[in-house]
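All heavy atoms count here, side chains included; hydrogens, waters and symmetry mates do not. Proteins get letters first, then strands, A, B, ... in listed order; numbering begins at 1 in each.
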2 protein chains.
Amino acid sequence: MSRSSISAIVADLLETGLVSETGAGDSSGGRRPIMLGFDDDAHAIVGVDMGATHIAVAVTDLRSQVKAWRSKIFDVREDPEGALSLMRGLIDGALIEASIDRERLVGIGIAVPSPVNPENPTVLSPLFVPKWKDLNIVEHLENIYRVPVGMDNDANLGALSEQWWGAGRDGRDLAYIKVATAVGAGLIINGDIYRGTTGIAGEIGHIPVDPSAGECVCGLTGCLNLRMGTEKLVQRAHDLRPEHPKSTLPRRGLTVSRLVEEACEGDRLARLIVEDAGRHLAIGVAAMLNLFNPAKVVFGGSLTRAGELLLRPLKDALGERSPSASVKQSQLVTSTLGIEGTARGAATLILRAALDDPTLFPTPLDVEVAAHTT
Amino acid sequence: MSRSSISAIVADLLETGLVSETGAGDSSGGRRPIMLGFDDDAHAIVGVDMGATHIAVAVTDLRSQVKAWRSKIFDVREDPEGALSLMRGLIDGALIEASIDRERLVGIGIAVPSPVNPENPTVLSPLFVPKWKDLNIVEHLENIYRVPVGMDNDANLGALSEQWWGAGRDGRDLAYIKVATAVGAGLIINGDIYRGTTGIAGEIGHIPVDPSAGECVCGLTGCLNLRMGTEKLVQRAHDLRPEHPKSTLPRRGLTVSRLVEEACEGDRLARLIVEDAGRHLAIGVAAMLNLFNPAKVVFGGSLTRAGELLLRPLKDALGERSPSASVKQSQLVTSTLGIEGTARGAATLILRAALDDPTLFPTPLDVEVAAHTT
DNA sequence: ACACTTTGTGCGACAGGCGAACAAAGAGAG
DNA sequence: CTCTCTTTGTTCGCCTGTCGCACAAAGTGT
């Protein structure tokens, strides 16, 4: 773009208060440039990560810095009403902690553990969370907070988060694979979330990986989800426990976090299970790579804290000497955003909408004055 | 768009000669409208379908009507030089048959049985067709014909063809699955061919479907290609022949076309093989549906002439009672374009480029005169 | 002190698109 | 046949966004 056009745009941005001049920069042989800064704290966004068994809330600034964080274990699937009221409590608490008044709140984004149909983006899939049928979370929050509310699948928002703020900042195509209660993938194509026709794209959990794993609820045999969900891994640890008397894994109350910790410490049984998971995951990842051929795959979710312990057997199983260019050339990395990734992605959904349509930003008073004088 | 803007655009189009007024239409209570027609025969395009074992050439008009068709069996993989000279002969013959002089030729599109890297779109993958290494088909044809030449993977162009002229005309997302010497898929996302980072997207042939099928050249175990390629199916017919003494399949020289014919006639062995293929294909298709969630899947290639004989077991294996919305809601159909689909897709590649940038259309004399007077 | 570079802005030009007004051509009622 | 209303196509002025150019402001280096 030409310098004159940029001048005009910058003038507009200065008026909105989103951008401000931050002083003079270093000269490169001539007049010193006026540096511009995005005013991160001009507005705030709420991101909600609603999992199957927890709710987390982040209040972020416009650069996705987390200003307040609330998280609580809760059986979301079984008690929708309770979940909604808990969510409200967490949001209110976080807003107060971050000292955000309603005028500065741009909107609320929610990540949900269910596909979201683009044609009807305010309700959850009754197949994945039956008790949430007929409950309109988006409308509910809009009525309470009177700001725009957006909702999408958690893996999609994890992918968005990695692309904007995490490991996927340098590419237009990216796959994010989330290993949690179930396995799901979020796909970024041409810089945008790809949802497919009915919003179900990325359901990597239903790729067949092991015919001996029995039948899946989806009707197919040997789905990845039958081998990879956190509950399955804990179950498997329990089943194999007798063969590993020396293992330090607890016989009861085992969680995936503990499993990962013990694997890092060197426990043989824990490592066996993590490595096994990596090998199973490889089959699904191989299918995804061959179909999608993304530049980068980011792994997120509780299990991926095992890092190379999970990725090494996965990469080995993918076959480093494979002639398949898609497998060979893809970078496989673990998430850099950790537990906050999904909620920040939910907030990013709102940020992106507002950047596309700046009228969504709440207008401060001085801008209204400026508008009147023209 | 407003009526005035359309007037301006139509005036431009009339000048190019691509569109002409075709008389008055029926009145709907007022002045009769001036009907416009695309001048299909204003220009012509050449589409080349270069398979592993054949070359076909179509000369099409601007509406993808085939004006001339040439096809010949040839071992393309083993004799690149011979293939190029054969290709030239077929193109010249077809151009003469359709009475197209060079001035009316927009360009030449080529479909190749190899991934094409978007960053280097003029050469083939040495992994798929080793002998074509260092041979630049695009440059070769540009030097001979002095027109723009485009190249892409055959499955991608099959998908493009189905979306523009065939079964996929009504959707922005579409998957085209080609069952030929190997299995490949072409993906249309947001109305455009999706190639992935290195042009290898859609390699459905390397999805794992059967661990007992042995190791694939790609390094993984049990790839779909090990069960589905035309050569594999013929081999399997041969292996099972002793168990089916009543079968009318020939013991030697069996082709897939013959196999499909016999299956349609009711031969048990032939049906068994086609149905088996459908069930294996289902596993790959299920993975693709869950990842991509397209509105429609179009099946093409020689095997798909078996129609419902292939699709019925495939659909059954996908599980009609499946709760997975992507599998349930996708329409699965066979190609309506048949053998000409790929070559027409290759021509469409050029057509699309020219419609995006109309200066690519060869300029007739009267337009140049008009340009001078302004 | 002077020439030269870099940066920011004001102004006229221009393309693309839009709505309003108008002209052309027809339908239908009386 | 006349008059009114509808539909279609075009012309004109307006607005927006972008660009190139000229010019001013503010540096660097000899």
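- Computed from coordinates, the A:Ile6 CD1 to C:dG8 P distance equals 9 Å when rounded to whole Å.
- Annotation for A:Leu18 and A:Ala42: closest pair CD2-CB, 4.4 Å, computed over non-hydrogen atoms.
- B:Ala111 and B:Asp154 get closest at one heavy-atom pair: CB-CA, 3.9 Å.
- Backbone-only engagement by B:Ser28 is indicated by non-hydrogen atom pairs under 4.0 Å involving sugar-phosphate atoms exclusively.
- A:Arg31 contributes no side-chain N or O that forms a donor-acceptor pair with the base of C:dT6 under 3.5 Å.
- Across the protein-nucleic acid pair, A:Met1 atom CE and D:dT16 atom C1' stand 13 Å apart, rounded to whole Å.
- B:Asp12 places its CG atom 8 Å from the P atom of C:dG16, with the value rounded to the nearest Å.
- Here the C1' atom of nucleotide D:dT10 and the CD1 atom of B:Ile9 are 14 Å apart, to the nearest Å.
- The base of D:dG20 sits with one of its N or O atoms less than 3.5 Å from a complementary donor or acceptor on the side chain of A:Ser4.
- Relative orientation of the A:His43 and A:Phe361 rings is parallel, given thresholds of 30° and 60° on the angle between their planes.
- Using a 4.0 Å heavy-atom cutoff across all strands shown, B:Ile34 reaches sugar-phosphate atoms only and no base atom.
- Residue B:Ile45 holds its CD1 atom at 11.0 Å from CD1 of B:Ile108, rounded to the nearest 0.5 Å.
- Counting any heavy atom pair closer than 4.0 Å across all strands shown, B:Ser27 reaches sugar-phosphate atoms only and no base atom.
- Contact check, A:Ser2 against D:dG20: no side-chain N or O comes under 4.0 Å of OP1 or OP2.
- Considering only side-chain atoms of A:Ser5, the nucleotide from C:dT9, D:dT8, D:dT18 that sits closest is D:dT18.
- Once rounded to the nearest 0.5 Å, the distance linking CZ of B:Phe38 with CG of B:Leu62 reads 5.0 Å.
- Comparing B:Met35 and B:Gly29 by the nucleotide of DNA chain D that holds the closest heavy atom to each, the one mapping nearer the 5' end is B:Gly29.
- For D:dG27, its base never sits under 3.5 Å from the side chain of A:Arg32 at any donor and acceptor pair.
- For B:Glu21 and A:Gly30, each mapped to the nucleotide of DNA chain D holding its nearest heavy atom, the one lying further toward the 5' end belongs to B:Glu21.
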